[in-house]
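All values derive from a computational prediction rather than experimental measurement.
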Amino acid sequence: MNRYTGSMIKYSMKCSDGHAFDSWFGSGEDFDRLSKSGLLSCAVCGIETVEKSVMAPRVAKSSEGPLSQPASPAEQALRALREKFEAEADNVGRGFATEARKIHDGEAPARPIYGEARIADAKALVDDGIPVAPLPWGHRKTN
């Protein structure tokens, strides 16, 4: 897990199918670790073959603080979606695959959930007919 330091790195990314997207990381080391572990995927199609694109650095103005407001209407819509989703769904953390299976099997109450799952566990859920989808955002540390 990333230890939040107040600054993030935004990388322009592309997948092997040519989709371009941006992603935020706690550090360059976080990107490298996630990439080597095979934990990165395309925000558009979900393919796991992604890499950093050529990009120009962005220098934050001191008045912006550690994180700036979303720049584009798409980023603003994504932020609003995330806030709504996190307000209405239960974060089950690393127990996502287990809880999703319990809900599917009727052993836990039906409700929207989100959390963390290894790619193999998520694929097993899909193979068993349990609907899951990756979220287009990463972890956020809250105080």
Side-chain angles (χ1 to χ4, degrees), residues 1-60 64-143:
M1 287 285 246
N2 176 39
R3 288 175 294 286
Y4 181 70
T5 60
S7 63
M8 301 284 286
I9 296 173
K10 179 181 175 185
Y11 287 131
S12 293
M13 310 284 292
K14 68 178 179 178
C15 78
S16 59
D17 283 347
H19 298 118
F21 59 98
D22 292 336
S23 190
W24 290 92
F25 297 90
S27 67
E29 292 81 19
D30 283 350
F31 169 83
D32 293 339
R33 179 179 48 80
L34 292 169
S35 181
K36 287 177 186 171
S37 299
L39 297 174
L40 298 179
S41 62
C42 177
V44 178
C45 68
I47 197 167
E48 296 173 20
T49 308
V50 297
E51 60 184 29
K52 289 187 274 187
S53 299
V54 176
M55 55 185 270
R58 179 177 179 270
V59 179
E64 284 183 325
L67 295 176
S68 62
Q69 292 296 315
S72 71
E75 288 174 336
Q76 292 170 0
L78 185 59
R79 174 179 261 170
L81 175 66
R82 180 179 183 161
E83 289 171 356
K84 179 176 176 46
F85 189 83
E86 289 177 347
E88 296 178 7
D90 291 335
N91 182 351
V92 296
R94 292 185 175 159
F96 176 82
T98 301
E99 191 66 16
R101 193 169 295 284
K102 285 180 181 178
I103 291 170
H104 179 76
D105 293 341
E107 298 171 9
R111 67 198 190 282
I113 63 170
Y114 67 101
E116 299 174 39
R118 295 180 326 173
I119 292 174
D121 293 335
K123 286 181 179 178
L125 290 171
V126 171
D127 289 345
D128 292 341
I130 302 170
V132 298
L135 297 175
W137 55 78
H139 304 300
R140 175 172 61 187
K141 175 138 177 136
T142 56
N143 292 333

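The pair Lys123-Glu48 meets the salt-bridge criterion, since a charged nitrogen lies less than 4.0 angstrom from a carboxylate oxygen. Salt bridge status for Asp121 with Arg118: present, with a side-chain N to carboxylate O gap under 4.0 Å.
Two rings, from Tyr114 and Phe96, have their centers 6.0 Å or more apart.
Listed here is the closest heavy atom pair of Ser23 and Met13: CB-CG, 4.0 Å. In terms of heavy-atom proximity, Val92 sits nearest to Glu99 at CG1-CG, 3.9 Å.
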Check against salt bridge (Lys or Arg N to Asp or Glu O under 4.0 Å), Arg82 and Glu88: CA-CA 10 Å; Arg82 180 179 183 161; Glu88 296 178 7; over 6 Å; no
CA sep, side-chain torsions, deciding dist, call: Asp30, Arg33, salt bridge (Lys or Arg N to Asp or Glu O under 4.0 Å): CA-CA 5 Å; Asp30 283 350; Arg33 179 179 48 80; 3.5 Å; yes
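Using a 4.5 Å cut-off on side-chain heavy atoms (C-beta onward), Asp90 and Arg111 make contact. Looking only at side-chain heavy atoms (C-beta outward), Cys42 and Asp17 stay at 4.5 Å or farther from each other.
Note: Phe25 and Tyr11 have tilted aromatic rings, judged against thresholds of 30 and 60 degrees for the angle between ring planes.
Distance NZ/Lys102 to CD1/Ile130: 12.5 Å, rounded to 0.5 Å. Ile119 contributes atom CD1, which lies 5.5 Å from atom CG of Leu39 (distance to the nearest 0.5 angstrom).
Remark: the backbone N or O of Gly93 is paired with a side-chain donor or acceptor of Asn91 at under 3.5 angstrom.
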